[in-house]
Amino acid sequence: MIRTVESQSSASAPVLAAYSYCETVTGQQARNFAYGIRLLPTPKRRAMSALYAFSRRVDDIGDGPLADDVKAARLDDTRALLTRIREGAVEEDDTDPVAVALAHAAAHFPIPLGGLDELIDGVRMDLRGDTYETWDDLKVYCRCVAGAIGRLSLGVFGTEPGAHGVERASEYADTLGLALQLTNILRDVREDAENGRTYLPADDLAKFGCSAGFAGPTPPEGADFAGLVHFEVRRARALFAEGYRLLPLLDRRSGACVAAMAGIYRRLLDRIERDPEAVLRGRVSLPGREKAYVAVRGLSGLDTRHVARRTVGRRA
C-alpha cells in the first residue's frame, strides 16, 4: 500500500521560496496541470509543482533550439542532478530552486524518482529522432514521458487504506498517463510535424493513407484523416476507461485532482473527435470556464463514484 505524509515539518524559508518558484513555473506553463493540482492540500500541491518544474526542465531541453549534442550534455547534467537529489546531496541553500523543492518533496513523500530517469530516456528518444512502427513501440515512449509521470504523481497522492484493488494503483496511473499522452499526440500532430517529429504508429498511418505526414492545414490528398483520428480516439478512450480505475483508490482531494486533469484531456478528445481536421489548423484547447467546470466536477466526486459503481458491478 502506498501512503503519503500528509503533514510536513515546518519548511525553511529557502525551501518555501523554492516551492514558490516551482508553483510559478507550473501556473505559467502548465495551465491544464495547474487546474488539477490546485485542488490538493498544500504539501501535495507543492510536491506536484516540484515534479512538474523538474519535468518541464527536461522537456524544454528536448524542445529547445540547441544543437543535439548540447542537448544530450544538458540531459546528462540533469540526470546527474537527479542522482544528487536521490542521494540527499542537495542542501536547502542550493542555488537551484527546482532541485531544492524536489529534494524536499522526495524526503516527505515516497516519490519513485526513477520515473524522472525514464522521462530523460524518453527525451533522448526524441533527440535520436525515433519513430514508431506499431502501437506497442509507441507505448514504450509514452510510458517514459507520461506513464512515468503518473507513477511519480501516485507517490505524492498515496492510496486509501483498505481500497479494493490497490495493488494495481501504479498500473492504472501508468495507463492514465498513456491516455493523456496519446491525446497530446493527436492535439499536437501538426506542430510535431513542423518540428520534424512523427509519433503516431507507422502502421496506423499507412492503414489510413496518411504516411505522407501532416505538413499543412489539410490532410494529405486521398487520406482518411478522420478515420485515423477516430481510430486513435477509440484507443485513447479505452486507456482512459482503464486508467480511471485509479480514482476510487485515492483520497477525495487527490481523486479530484486526477479527475480534473484527466477530465480536461477527455474533453479535448471529444473536441478532436467532433472535428478531426481542427488539429491541422491549430491547437485545440478548452476555455477557462470549461476547465473550471471539470475541476468542480472532479471535486464533487462524480467521476470517482461512477468508476466505483462500475468496478463493483464487474466484481458482482
Side-chain angles (χ1 to χ4, degrees), residues 2 4 22 25-26 29-30 33 37 47-64 68 71-88 90 98-99 101-103 105-107 109-159 167-185 188 192 197 199-201 236 239 242-243 246 258 261-262 265:
I2 303 171
T4 64
C22 293
V25 170
T26 303
Q29 302 190 39
F33 188 80
I37 67 170
M48 290 295 290
S49 293
L51 277 174
Y52 174 81
F54 191 95
S55 300
R56 181 72 190 205
R57 177 179 295 181
V58 175
D59 286 340
D60 284 348
I61 292 171
D63 293 335
D68 285 352
K71 290 181 179 182
R74 294 276 179 94
L75 290 174
D76 288 342
D77 291 343
T78 306
R79 199 188 296 274
L81 175 60
L82 181 59
T83 298
R84 289 180 57 221
I85 293 170
R86 186 183 290 112
E87 294 174 350
V90 174
V98 176
L102 184 57
F109 293 94
I111 300 172
L113 292 176
L116 292 170
D117 282 301
E118 293 181 55
L119 176 61
I120 294 171
D121 291 340
V123 173
R124 282 191 171 277
M125 293 180 195
D126 284 336
L127 290 188
R128 293 195 303 265
D130 287 8
T131 55
Y132 308 97
E133 289 296 318
T134 67
W135 167 237
D136 284 342
D137 295 333
L138 180 59
K139 277 196 294 188
V140 175
Y141 172 79
C142 291
R143 285 209 159 95
C144 285
V145 299
I149 302 301
R151 286 177 267 120
L152 286 158
S153 300
L154 184 61
V156 176
F157 296 145
T159 55
E167 70 281 354
R168 297 187 65 185
S170 182
E171 174 189 336
Y172 296 145
D174 183 274
T175 300
L176 197 54
L178 264 62
L180 299 180
Q181 186 62 23
L182 183 53
T183 304
N184 270 338
I185 288 171
D188 298 340
D192 289 333
R197 295 176 182 171
Y199 292 103
L200 290 175
L239 293 168
E242 181 70 7
L246 175 67
V258 173
M261 289 189 288
Y265 278 85

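Please read these numbers as outputs of a predicted model, since none were measured by experiment.
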Query - Any V140 side-chain heavy atom under 4.5 Å of M125 side chain - result: yes
Query raised in the report: For atom CZ of R197, is the number of surrounding heavy atoms from other residues, nucleotides or ligands below 6.0 Å larger than 12?
Result: yes
Report task. Provide the closest heavy-atom pair for F157 versus V258 in the form atom of the first, atom of the second, distance. Result -> CE1-CG2, 3.4 Å
Query raised in the report: Taking all atoms of both residues into account, what is the closest heavy-atom pair of S49 and I37, and its distance?
Result: OG-CD1, 3.5 Å
Query raised in the report: Just how far is it from atom CG of L180 to atom CD1 of I149, taken to the nearest 0.5 Å?
Result: 11.0 Å
**Report entry** Validation row: E133, P201 side chains within 4.5 angstrom (heavy atoms)
**Finding:** no
Report summary line: Closest non-hydrogen atoms of A101 and C22, given as atom of the first, atom of the second and distance, are CB-SG, 3.7 Å
Query raised in the report: Are any of the side-chain heavy atoms of R79 and L75 separated by less than 4.5 Å?
Result: no
Requested in this report: Kindly write out the residues that satisfy salt bridge (Lys or Arg N to Asp or Glu O under 4.0 Å) with D192, not counting sequence neighbours, or none if the list is empty.
Outcome: none
Query - Verdict with supporting geometry, L138 and I185, side chain to side chain contact (heavy atoms under 4.5 Å, CB included) - result: CA-CA 11 Å; L138 180 59; I185 288 171; 4.2 Å; yes
Query raised in the report: Do R143 and D121 sit within salt-bridge range, that is, some charged N less than 4.0 Å from a carboxylate O?
Result: no
Query raised in the report: Roughly how far, to the nearest 0.5 Å, is the CG atom of D174 from the SG atom of C142?
Result: 10.0 Å
Report summary line: CZ (R74) and CG (D76) are apart, to the nearest 0.5 Å, by 12.0 Å
**Report entry** Salt bridge flag under 4.0 Å for residues D68 and R124
**Finding:** no
Query - Nearest non-hydrogen partners of V123 and G62, listed with the distance - result: CG1-CA, 3.6 Å
Report task. Report the residues that fulfil side-chain hydrogen bond (donor to acceptor under 3.5 Å, both in side chains) with D188, sequence neighbours left out, ordered by chain and then residue number. Result -> R283
Report summary line: Output for pair (T159 OG1, E167 CD), nearest 0.5 Å, gives 10.0 Å
Query raised in the report: Closest heavy-atom contact between Y52 and Q29?
Result: OH-O, 3.2 Å
Query raised in the report: Quick one: do the Y199 and N184 side chains pair a donor with an acceptor below 3.5 Å?
Result: no
Query raised in the report: When rounded to the nearest 0.5 angstrom, what is the spacing between CD1 in I120 and CD1 in I61?
Result: 7.5 Å
Query raised in the report: Ion pair present between R151 and E171, side-chain N to carboxylate O less than 4.0 angstrom?
Result: no
Report task. Just jot down the salt bridge (Lys or Arg N to Asp or Glu O under 4.0 Å) partners of R84, sequence neighbours excluded, or say none. Result -> D94
Report task. With Y132 as reference, evaluate D130, D136, T134 under the side chain to side chain contact (heavy atoms under 4.5 Å, CB included) test and give the passing residue. Result -> D130
Requested in this report: Report yes if some heavy atom in the side chain of L81 is under 4.5 Å from a heavy atom in the side chain of I85; otherwise report no.
Outcome: yes
Report task. Would you check if L116 and L113 make a side-chain contact, meaning some heavy-atom pair closer than 4.5 Å? Result -> yes
Report task. Would you confirm whether K71, through its side chain, and L127, through its main-chain N or O, come within 3.5 Å as a donor-acceptor pair? Result -> no
**Report entry** Minimum side-chain heavy-atom gap S170-L154 below 4.5 Å
**Finding:** yes
Report task. Kindly indicate, with the supporting measurements, whether the criterion side chain to side chain contact (heavy atoms under 4.5 Å, CB included) is fulfilled by F54 and T78. Result -> CA-CA 9 Å; F54 191 95; T78 306; 3.5 Å; yes
**Report entry** Nearest-0.5 Å distance, CG of residue L182 to NZ of residue K139
**Finding:** 11.5 Å
Query raised in the report: Taking side chain as C-beta onward, heavy atoms only, is D59 less than 4.5 Å from L119?
Result: yes
Query raised in the report: Considering all heavy atoms of both residues, which atom of A179 and which atom of L239 are nearest to each other, and what is their separation?
Result: CB-CB, 3.6 Å
